[in-house]
Amino acid sequence: MSGLRKSVRVSALVASIAMSLVASRPAQAQQDGGVLFQNVRIFDGKNGALSGPSNVLIRNNKIERISTAAITADAQVIAGDGRVLMPGLIDAHWHALLVRPTPAAVMASDVGYTNLLAAAEATATLMRGFTTIRDMGGPAFSLKRAIDEGLVVGPRIYPSGAMITITGGHGDFRQLSDLPRTIGGMLSRMERIGGAMVADSPDEVRVRAREQLMQGATQVKLTAGGGVASPFSPLDVSTFTEPELRAAVDAAENWGTYVAVHAYTSVAIQRSIAAGVKCIEHGHLMDDASARLMAEKGIWLSTQPFLDLSGASALGPAEQDKMRQVVAGTDRVYGFAKKYKLKTAFGTDVLFSKALADRQGAMLTALTRWYTPAEALIMATSTNAELLALSGLRNPYPGKLGVVEEGAFADLLLVDGNPIDNIKLIEDPAKNFLVIMKDGKVYKNLLGGDRNK
């Protein structure tokens, strides 16, 4: 009898948790049928000029029809009243599991807690208007699955899985007491939780790359040079050899996708390009010759507008000094991007700081130091979507992202104002994003709306 009572209590607890999960989702996201945006001006993600007054019909998860004429449909009507409808924003360099915890907490905390923390941040990310992120290192596979299955509210995720590094390279967060490493021996805590994997030969790199692809990586991430946050990784050091980099490229290309590398310096960049890498992350310390080579080879630059030491408080003195060097190179990298018309993606690379993550939109508006507001918004929508499509056969969301056009995924923001005229509207999403839609579901609606027939 006691066993029966225990079973009933467990069943009741499970049911309670399930009801809480459903209740926590925005009511609008449960809706059936379509959504009709009436009288909106469209920023389509590709052109700087807004459309005239238009109507946009959403069916299922796609944009079914865009028309300047009236649309009559059985759908929930959202009256735009001349406001701007634009694509959801995309962050091309994000770390979903590493935004809120400190470095020490990542290593020491239970992985269940870390994932719950990441789930809370994923919801906050979506509520800032970022409907898609490209995760560039960390165990984001389960979070992505939970979001895709509707268990957690958050953005689309293009995961890299564990970043692949060398002994002492960027991403190697082991302690000196963990040395020496026995090849084929017990994995470190960092490796067991899927944060980073150490590989010191082409064969090891190939195995680690294939492991990430097996788990669902949309692209493979290697750290080809030194980094800021890693305690034993000088910025000037180039890590992987060309054969090691090529082993990852071969593995990724065999799976129909590509390799992106963390690289600041010219040596790391040029070696990576020689090995077949398709995207350089950061690049702040590159020289003119490296930028010219990237242009000639059609290599993507995925970089970030680092303008100050925001978030540096979580780092030690040596890491803060490295961060100063990177910040000093920000004007240089964007200068090269414009000079050589590099294919340039926007990302934020927020680490270990919820406060900095809350300024995700402000990092986008910082691009206006080098670009017009329209150019910055195009970069964070359709241009970033082009980079996501580079994952080819491994693309978990094949279709059109980052644009407002018929047949595209319905990832949309209704803005109270014109972000082309005033891009700083992006900095206050709670106030200025009146509607947030992802995959055809409305997750925020401050306007309401009735069904139209």
Do [X] side-chain atoms and [Y] backbone N/O form a donor-acceptor pair below 3.5 Å?
| X | Y | answer |
| --- | --- | --- |
| Lys221 | Gly137 | no |
| Thr303 | Leu301 | no |
| Ser230 | Ser233 | no |
| His93 | Asp349 | no |
| Arg394 | Trp255 | yes |

Would you say the side chain of [Y] lies within less than 4.5 Å of the side chain of [X], judging by non-hydrogen atoms?
| X | Y | answer |
| --- | --- | --- |
| Val228 | Phe306 | no |
| Lys343 | Met294 | no |
| Lys278 | Trp300 | no |

query = Who pairs with Asp91 by side chain to side chain donor-acceptor pair (under 3.5 Å), at least two apart in sequence or on another chain?
reply = Thr348, Gln360

key: side chain to side chain donor-acceptor pair (under 3.5 Å) partners of Tyr258, counting only residues at least two apart   = Arg134

message = Just to verify, what does Arg65 make a side-chain contact (heavy atoms from CB on, under 4.5 Å) with, not counting sequence neighbours?
response =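 Only Leu57, Ser67, Ile71, Glu406 meet the side-chain contact (heavy atoms from CB on, under 4.5 Å) criterion with Arg65.
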
inquiry  = List the residues meeting side-chain contact (heavy atoms from CB on, under 4.5 Å) with Ala199, not counting sequence neighbours, and say none if there are none.
reply    =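 Scan of Ala199 (side-chain contact (heavy atoms from CB on, under 4.5 Å), adjacent residues dropped) gives Ile164, Glu204, Val205, Arg208.
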
Please enumerate all residues that pass salt bridge (charged side-chain N to carboxylate O under 4.0 Å, His left out) together with [X], with sequence neighbours excluded.
| X | answer |
| --- | --- |
| Lys438 | none |
| Arg128 | Glu121, Asp358 |
| Asp439 | Arg156 |
| Asp178 | none |

ask   = Is the charged tip of Lys62 near the ring of Phe409: under 6.0 Å from the six-membered ring centre and within 45° of its axis?
value =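 Ring-cation test returns yes.
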
query = What pairs with Phe43 under ring pair (Phe, Tyr, Trp, His ring centres under 6.0 Å), at least two apart in sequence or on another chain?
reply =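 With neighbours one apart ignored, the set is empty.
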
message = So, using ring pair (Phe, Tyr, Trp, His ring centres under 6.0 Å) as the criterion, who are the partners of Phe141 when residues are at least two apart?
response =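 Partners of Phe141 under the ring pair (Phe, Tyr, Trp, His ring centres under 6.0 Å) test: none.
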
query = Please, which pairs that meet salt bridge (charged side-chain N to carboxylate O under 4.0 Å, His left out) have at least one residue in residues 245-260, sequence neighbours excluded?
reply =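 Listed once each, the pairs are Glu242-Arg246.
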
request  = Write out all pairs satisfying side-chain hydrogen bond (donor to acceptor under 3.5 Å, both in side chains) with one or both partners inside residues 105-116, taking only residues at least two apart or from two chains.
outcome  =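 Residue pairs with at least one partner in residues 105-116: there are none.
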
